[in-house]
Amino acid sequence: MAEETLYERLGGHDGIRAVVDDFYDRLQDDDELGPFFEDADMESLRKTQTDFLCEAAGGPETYDAAPVREAHLHVPFTPAHIQRAVDLLSDSLEEFDVPEDDAEKVIGAIAAYEEDLLASPDGE
């Protein structure tokens, strides 16, 4: 019998979408990060983040939105913002009883893009 994929362990598309929805609710409610999302198309963000995590977890969905770097060039994130978002994602994963090893894999998929998330239009 084949071992379950991370995608399957997370509950497939619906399970991942539930975590993403909780995560984005936390982001929007956060005093520090909420302002970044005031004018954002939240449904689009939720869909693309779900697709991204589904693909990263081995699911059939594909992330076909703008490259991460390009999509975030206009957002003045700092390393502290990224850490805060990781903390909120951890809280969401914990809320859905995602085992620690699997939660670390999800966070690792996001953390791999930290440099792109911190990029600025002027290249600094």
Side-chain angles (χ1 to χ4, degrees):
M1 188 168 144
E3 185 177 327
E4 268 190 326
T5 65
L6 177 59
Y7 177 80
E8 293 165 333
R9 291 192 306 273
L10 293 172
H13 180 275
D14 292 345
I16 292 170
R17 176 61 191 243
V19 170
V20 167
D21 283 341
D22 185 84
F23 173 53
Y24 274 98
D25 289 346
R26 291 172 192 268
L27 287 172
Q28 285 183 283
D29 291 343
D30 189 77
D31 291 340
E32 198 174 329
L33 298 176
F36 288 118
F37 299 94
E38 286 177 352
D39 297 322
D41 178 348
M42 292 308 296
E43 182 51 37
S44 177
L45 287 176
R46 290 168 191 260
K47 181 192 178 316
T48 58
Q49 186 67 42
T50 299
D51 289 347
F52 173 82
L53 288 176
C54 284
E55 182 178 335
E61 295 82 0
T62 55
Y63 176 79
D64 60 2
V68 174
R69 181 184 188 89
E70 182 182 315
H72 293 86
L73 281 176
H74 70 284
V75 184
F77 286 138
T78 66
H81 291 133
I82 302 300
Q83 184 57 55
R84 179 69 184 140
V86 166
D87 292 345
L88 293 174
L89 178 57
S90 294
D91 292 345
S92 293
L93 292 162
E94 188 175 315
E95 179 73 24
F96 285 87
D97 298 319
V98 174
E100 189 173 332
D101 286 350
D102 287 343
E104 287 177 8
K105 289 174 183 162
V106 171
I107 291 168
I110 304 290
Y113 289 91
E114 182 174 9
E115 186 175 308
D116 291 331
L117 294 167
L118 292 172
S120 63
D122 58 13
E124 291 182 15

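- Of all non-hydrogen atoms in Ser92 and Val19, the two that sit nearest each other are CB-O, 4.0 Å.
- Interatomic distance, CZ of Phe96 versus CG of Asp21, reported as 8.0 Å (0.5 Å rounding).
- Between the NZ atom in Lys47 and the CZ atom in Phe52 there is a gap of 14.0 Å [rounded to 0.5 Å].
- Of the candidates Val98, Asp101, Asp102, Arg9 forms a side-chain contact (heavy atoms from CB on, under 4.5 Å) with just one, namely Asp102.
- Listed for the Gln49 side chain is no donor-acceptor partner under 3.5 Å among the backbone atoms of Arg46.
- A 6.0 Å sphere centred on CD of Glu100 holds no more than 12 heavy atoms belonging to other residues, nucleotides or ligands.
- Asp30 and Pro35 get closest at one heavy-atom pair: O-CD, 4.0 Å.
- Taking 4.5 Å as the limit, some side-chain heavy atom of Phe36 sits within range of a side-chain heavy atom of Pro76.
- Looking at Leu33, Val86, Leu117 one by one, the single match for side-chain contact (heavy atoms from CB on, under 4.5 Å) with His81 turns out to be Leu33.
- Pairing each heavy atom of Ile16 with each of Tyr7, the nearest pair is CD1-CD1, 3.8 Å.
- No more than 12 heavy atoms of other residues, nucleotides or ligands sit less than 6.0 Å from atom OH of Tyr113.
- Counting non-hydrogen atoms of neighbouring residues, nucleotides and ligands closer than 6.0 angstrom, the CD atom of Glu94 reaches no more than 12 such neighbours.
- Note on Arg26 versus Glu95: salt bridge recorded, some NZ/NE/NH1/NH2 to OD/OE distance being below 4.0 Å.
- Residue Met42 holds its CE atom at 8.0 Å from CG of Asp25, rounded to the nearest 0.5 Å.
- The minimum heavy-atom distance between Ile107 and Ser90, with the atom names listed, is CD1-OG, 3.1 Å.
- Remark: Asp91 CG to Asp22 CG distance equals 8.5 Å, nearest 0.5 Å.
- Taking CD of Gln28 as the reference point, atom CZ of Phe37 lies at 7.5 Å (rounded to 0.5 Å).
- Shortest non-hydrogen contact noted between Leu6 and Lys105 is CD2-CB, 3.8 Å.
- Taking all atoms of both residues into account, the shortest heavy-atom contact from Ala40 to Leu45 is CB-CD1, 3.7 Å.
- A 4.5 Å side-chain heavy-atom check between Leu88 and Arg84 finds at least one atom pair inside the cut-off.
- With a 6.0 Å radius and a threshold of 12 heavy atoms from other residues, nucleotides or ligands, Asp41 has its CG atom above the threshold.
- Note that CG of Leu53 and NE2 of His13 are 10.5 Å apart. Values are rounded to the nearest 0.5 Å.
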